[in-house]
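Data first, discussion second: the structure below is written as structure tokens.
Letters A, B, ... mirror the listed sequences (proteins, then strands); counts begin at 1. What you see is a predicted model; the values in this text were computed from it and never measured. Both backbone and side-chain heavy atoms feed into the values below; hydrogens, waters and symmetry mates do not.
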Number of protein chains: 2
Amino acid sequence: MEVTTADTQATEIREAAKKIITVPPDSFALCPVRDILDRIGDKWSLLSILHLGSTDSLRFNELRKRITGISQRMLTVTLRALETDGLVARTVYAEVPPRVEYALTGLGQSLLAAVIELGNWAAAHAPAIAEARERMGRVAA
Amino acid sequence: MEVTTADTQATEIREAAKKIITVPPDSFALCPVRDILDRIGDKWSLLSILHLGSTDSLRFNELRKRITGISQRMLTVTLRALETDGLVARTVYAEVPPRVEYALTGLGQSLLAAVIELGNWAAAHAPAIAEARERMGRVAA
DNA sequence: ACCTTTGAGTTACCAAAAGTAACCATAGGC
DNA sequence: GCCTATGGTTACTTTTGGTAACTCAAAGGT
């Protein structure tokens, strides 16, 4: 990695960050990024998107089993929110017992790519974070 | 865009998602992605990272002004968490009144790129989401 | 001398969100 | 006629987030 390239990249990244957090003053509401992060920026949404992205579609209880630790209520709430935002499609089959399938929409798929980046980062830097936590833990103790 | 390329990409993305959510069974704890998303996957953390990423460093109150709507308490809590995870560096200058500067660490910078992707996605798809919400709003009402 | 201001927090208190657990509808099988 | 399975909902509790008041320590005004 040449230094100049790295520097240029760093500046670009900073500019990108600036652009995102800049509120368009003529916008009727607050900046869309802020609004959207409010909605999808929570662990259950991100995890749901990742799990739905890893297959074609999943039934409610199957998804619940896969997202370890999520409660039934939180799963319904999360899926409903994702549905109203157009990220997840909910298909009900009129059978008994009922069968409901959830899948990412096109919009959801496009988000998936970004979430995967986040996931990859987490996987890659988990050791560094664990180390930082331990360092800090010592200080706090 | 050729169809085959798109298809290949879609498959790759799915595989990537699968990899991320897969818990290494020999891992002592739960999957790192799960754990890390728990921490950084909330709106205040993501917004803090974006704002800190847009400059060299920011003082506490300056950051507070920029992250519209965050409370003093939540900002301290969020920054502390980011600090213990090694994403943010906190520098205290022994002055009166006190001066405290926050900046992304190298680790934080590396996360910034992924968060920006998320932000870009939000900016790009805000209209689509708004439309979806309206469609759903009608149904619910 | 005393009061105010300033920055970066705490602390105490209250509202909102998330977690827990029990309940529901329906049909098929035993 | 009772139990199971599925995909929820409802009532209740606990945890989290938001609001507002207080703190510390020095400088500056009066």
Side-chain angles (χ1 to χ4, degrees), chain A residues 30 34-49 51-52 55-85 88-104 136 139-140, chain B residues 30 34-49 51-52 55-85 88-104 136 139-140:
Chain A
L30 73 172
R34 172 58 196 286
D35 182 38
I36 289 169
L37 285 187
D38 266 20
R39 291 286 214 108
I40 61 161
D42 71 296
K43 63 176 178 180
W44 296 136
S45 296
L46 294 173
L47 288 170
S48 298
I49 287 163
H51 280 271
L52 288 173
T55 55
D56 273 345
S57 74
L58 283 172
R59 299 181 60 171
F60 184 87
N61 278 328
E62 181 57 27
L63 193 51
R64 189 152 90 91
K65 253 180 275 174
R66 295 192 186 196
I67 305 178
T68 317
I70 198 171
S71 67
Q72 200 165 24
R73 200 176 67 90
M74 271 304 101
L75 184 55
T76 46
V77 169
T78 302
L79 288 172
R80 289 271 194 285
L82 293 176
E83 197 196 355
T84 65
D85 282 2
V88 162
R90 179 171 178 271
T91 313
V92 185
Y93 297 88
E95 303 170 0
V96 164
R99 182 159 64 97
V100 181
E101 303 222 319
Y102 292 92
L104 289 183
M136 285 310 194
V139 175
Chain B
L30 72 172
R34 173 58 197 286
D35 182 38
I36 290 170
L37 284 187
D38 265 19
R39 293 285 215 107
I40 62 161
D42 71 294
K43 62 176 177 178
W44 296 137
S45 297
L46 294 172
L47 287 171
S48 298
I49 287 163
H51 280 272
L52 287 173
T55 54
D56 273 345
S57 74
L58 283 172
R59 299 182 59 173
F60 184 85
N61 278 327
E62 180 57 28
L63 193 50
R64 189 153 87 93
K65 256 179 274 175
R66 295 192 185 196
I67 306 177
T68 317
I70 197 170
S71 68
Q72 200 166 26
R73 200 174 67 90
M74 269 307 102
L75 184 54
T76 47
V77 168
T78 303
L79 287 172
R80 288 268 195 283
L82 293 176
E83 197 196 353
T84 64
D85 282 2
V88 162
R90 179 172 178 269
T91 314
V92 184
Y93 296 88
E95 303 170 3
V96 164
R99 183 159 63 98
V100 182
E101 302 222 321
Y102 291 92
L104 289 184
M136 285 310 193
V139 176

Next item on the list: Starting at atom CG of Asp38(B), determine the distance to atom P of dG19(C), rounded to an integer number of angstrom.
Entry: 10 Å
Next item on the list: Starting at atom CD of Glu101(A), determine the distance to atom P of dG7(D), rounded to an integer number of angstrom.
Entry: 9 Å
Notebook entry, point to check: How close or far is atom P of dT4(D) from atom CG of Asn61(A), stated in whole angstroms?
Noted result: 16 Å
Notebook entry, point to check: Atom NZ of Lys65(A) and atom C1' of dT6(D): how far apart are they, to the nearest Å?
Noted result: 11 Å
Next item on the list: For the pair Asp35(A) and Arg39(A), find out whether any cationic side-chain nitrogen is under 4.0 Å from an anionic carboxylate oxygen.
Entry: no
Item checked: Whole-Å gap separating C1' (dG18(D)) and CZ (Arg64(B)) -> 12 Å
Note to self: Side chains of Leu52(A) and Leu63(A), heavy atoms from C-beta outward: is any pair under 4.5 Å?
What the structure shows: yes
Item checked: For atom OH of Tyr93(A) and atom P of dG7(D), their distance in whole Å -> 12 Å
Checklist line | Leu63(B) CG to dG9(C) P, straight-line distance once rounded to whole Å | finding: 11 Å
Notebook entry, point to check: According to a strict under-4.0 Å criterion, is Arg90(A) in side-chain N/O contact with OP1 or OP2 of dG8(D)?
Noted result: yes
Next item on the list: Check for a donor-acceptor pair, side chain of Arg66(B) on one end and backbone N or O of Asn61(B) on the other, with a separation under 3.5 Å.
Entry: no
Note to self: Any non-hydrogen side-chain atom of Phe60(B) less than 4.5 Å from a side-chain atom of Leu79(B)?
What the structure shows: yes
Note to self: Measuring to OP1 and OP2 of dG7(D), would you say a side-chain N or O of Arg80(A) lies under 4.0 angstrom away?
What the structure shows: no
Next item on the list: Carefully, step by step, assess Glu62(B) and Lys65(B) under the rule salt bridge (charged side-chain N to carboxylate O under 4.0 Å, His left out).
Entry: CA-CA 5 Å; Glu62(B) 180 57 28; Lys65(B) 256 179 274 175; 3.8 Å; yes
Can you tabulate the close N/O pairs, meaning under 3.5 Å, that link protein atoms to atoms of nucleotides 12-18 of chain C?
from    : atom 1 : to       : atom 2 : distance (Å)
dA18(C) : N7     : Arg73(A) : NH2    : 2.9

Margin query: Rounded to whole Å, how long is the line connecting atom CG of Leu75(A) with atom P of dA21(C)?
Written below: 17 Å
Check: Are any non-hydrogen side-chain atoms of Ser45(A) and Leu82(A) less than 4.5 angstrom apart?
Finding: yes
Next item on the list: Please name the pair of heavy atoms, one in Gly41(B) and one in Leu46(A), separated by the smallest distance, quoted to 0.1 Å.
Entry: CA-CD1, 4.1 Å
Next item on the list: Tell me, with the steps shown, if Glu101(B) and Thr91(B) meet side chain to side chain donor-acceptor pair (under 3.5 Å).
Entry: CA-CA 5 Å; Glu101(B) 302 222 321; Thr91(B) 314; over 6 Å; no
Next item on the list: Give a yes or no answer on whether the side chain of Thr76(A) reaches the backbone of Arg73(A) with a donor-acceptor pair at less than 3.5 Å.
Entry: yes
Checklist line | Per-nucleotide protein contact string for nucleotides 22-30 of chain D (B base, S sugar-phosphate only, - none; heavy atom under 4.0 Å) | finding: ---BS----
Margin query: Base, sugar-phosphate or nothing for Tyr102(B)? Non-hydrogen atoms, less than 4.0 Å.
Written below: sugar-phosphate
